[in-house]
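One structure is given below, encoded as structure tokens.
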Amino acid sequence: MVYITEWDKFVEQSIQLFRADPDSTRYVMKYRHCDGKLVLKVTDNRQCLKYKTDQAQEAKKMEKLNNMFFALMARGPDVDLSEVTGKEQMDAQPSKKGRGRKQ
């Protein structure tokens, strides 16, 4: 199995793979704490896409990919992914204004 080195290419190809056959496509995350490596794998038993990283900054990218796959799996493969972002949950939470006592 060959690892894809570019994040954008991995995301694009994995979404295409899911949309081609949503019933048999799997998305797997594996983290090895002793190595500090995260491996993402998307497969449909015919084609396997893998991405490996040891950079902590890429956690936000992985969270965004998770949100995309959640939307694809819950709403169907024809969902518009332009509305799915990693900040969606943060925007939904009300902001706290003022820290003092109510008067």
Side-chain angles (χ1 to χ4, degrees):
M1 289 180 239
V2 179
Y3 287 95
I4 297 175
T5 56
E6 296 177 30
W7 175 256
D8 295 330
K9 188 184 258 187
F10 173 75
V11 170
E12 181 181 325
Q13 289 181 5
S14 60
I15 289 173
Q16 287 176 359
L17 186 66
F18 182 83
R19 285 186 166 158
D21 192 7
D23 292 332
S24 65
T25 303
R26 296 184 309 278
Y27 170 58
V28 180
M29 248 185 313
K30 182 167 67 171
Y31 178 71
R32 289 184 47 108
H33 181 69
C34 61
D35 297 336
K37 295 191 182 194
L38 175 70
V39 177
L40 305 175
K41 177 171 120 175
V42 179
T43 183
D44 67 349
N45 293 333
R46 291 183 300 274
Q47 185 179 5
C48 182
L49 307 171
K50 291 179 100 176
Y51 180 80
K52 176 172 53 174
T53 185
D54 59 355
Q55 300 297 315
Q57 305 95 298
E58 297 194 350
K60 287 290 182 188
K61 292 180 182 178
M62 185 211 48
E63 182 182 354
K64 186 174 179 181
L65 181 66
N66 283 343
N67 289 339
M68 287 181 186
F69 271 106
F70 290 152
L72 285 168
M73 291 176 187
R75 300 180 196 163
D78 299 326
V79 69
D80 180 24
L81 292 177
S82 63
E83 63 189 34
V84 179
T85 62
K87 296 180 182 178
E88 201 169 358
Q89 291 85 11
M90 290 183 166
D91 292 342
Q93 295 175 353
S95 62
K96 295 181 180 177
K97 293 184 179 179
R99 298 180 186 250
R101 196 172 12 164
K102 290 183 181 179
Q103 295 181 2

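Everything numeric here is computed off the predicted structure, so don't read it as measured data.
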Without hydrogens or angle criteria, can the side chains of Tyr51 and Glu58 be said to hold a donor-acceptor pair below 3.5 Å?
yes
Go through the structure and list residues passing side-chain contact (heavy atoms from CB on, under 4.5 Å) with Thr43, not counting sequence neighbours.
Arg26, Lys41, Cys48
Are Phe70 and Met29 connected in a single hydrophobic cluster, I mean Ile/Leu/Val/Met/Phe/Trp/Tyr linked by side-chain heavy atoms less than 4.5 Å apart?
no
Using the six-membered ring wherever Trp is involved, compare the ring planes of Phe69 and Phe18 and label them parallel, tilted or perpendicular (cut-offs 30° and 60°).
perpendicular
Would you give the length of the straight line joining atom OG1 of Thr53 to atom OH of Tyr3, rounded to the nearest 0.5 angstrom?
12.0 Å
NZ of Lys30 to NZ of Lys52: how many Å apart, nearest 0.5 Å?
10.0 Å
Point-to-point distance, once rounded to the nearest 0.5 Å, from CG of Asn67 to CG of Leu72
11.0 Å
Between Glu63 and Lys60, is the closest basic N to carboxylate O distance under 4.0 Å?
yes
Supply the atom-to-atom distance Ser14 OG to Arg19 CZ, rounded to the nearest 0.5 angstrom.
10.5 Å
Taking atom NZ of Lys61 and atom CG of Asn66, what is their separation to the nearest 0.5 Å?
14.5 Å
Please tabulate, for side-chain N and O atoms in residues 33-40, each donor-acceptor pair with protein atoms closer than 3.5 Å (sequence neighbours left out).
from	atom 1	to	atom 2	distance (Å)
Asp35	OD2	Arg32	NE	2.8
Asp35	OD2	Arg32	NH2	3.3

Any chance you could measure Gln47, atom CD, to Thr25, atom OG1, to the nearest 0.5 Å?
9.5 Å
Work out which heavy atom in Tyr27 is nearest to a heavy atom in Met73; give both atom names and the distance.
CB-CE, 4.4 Å
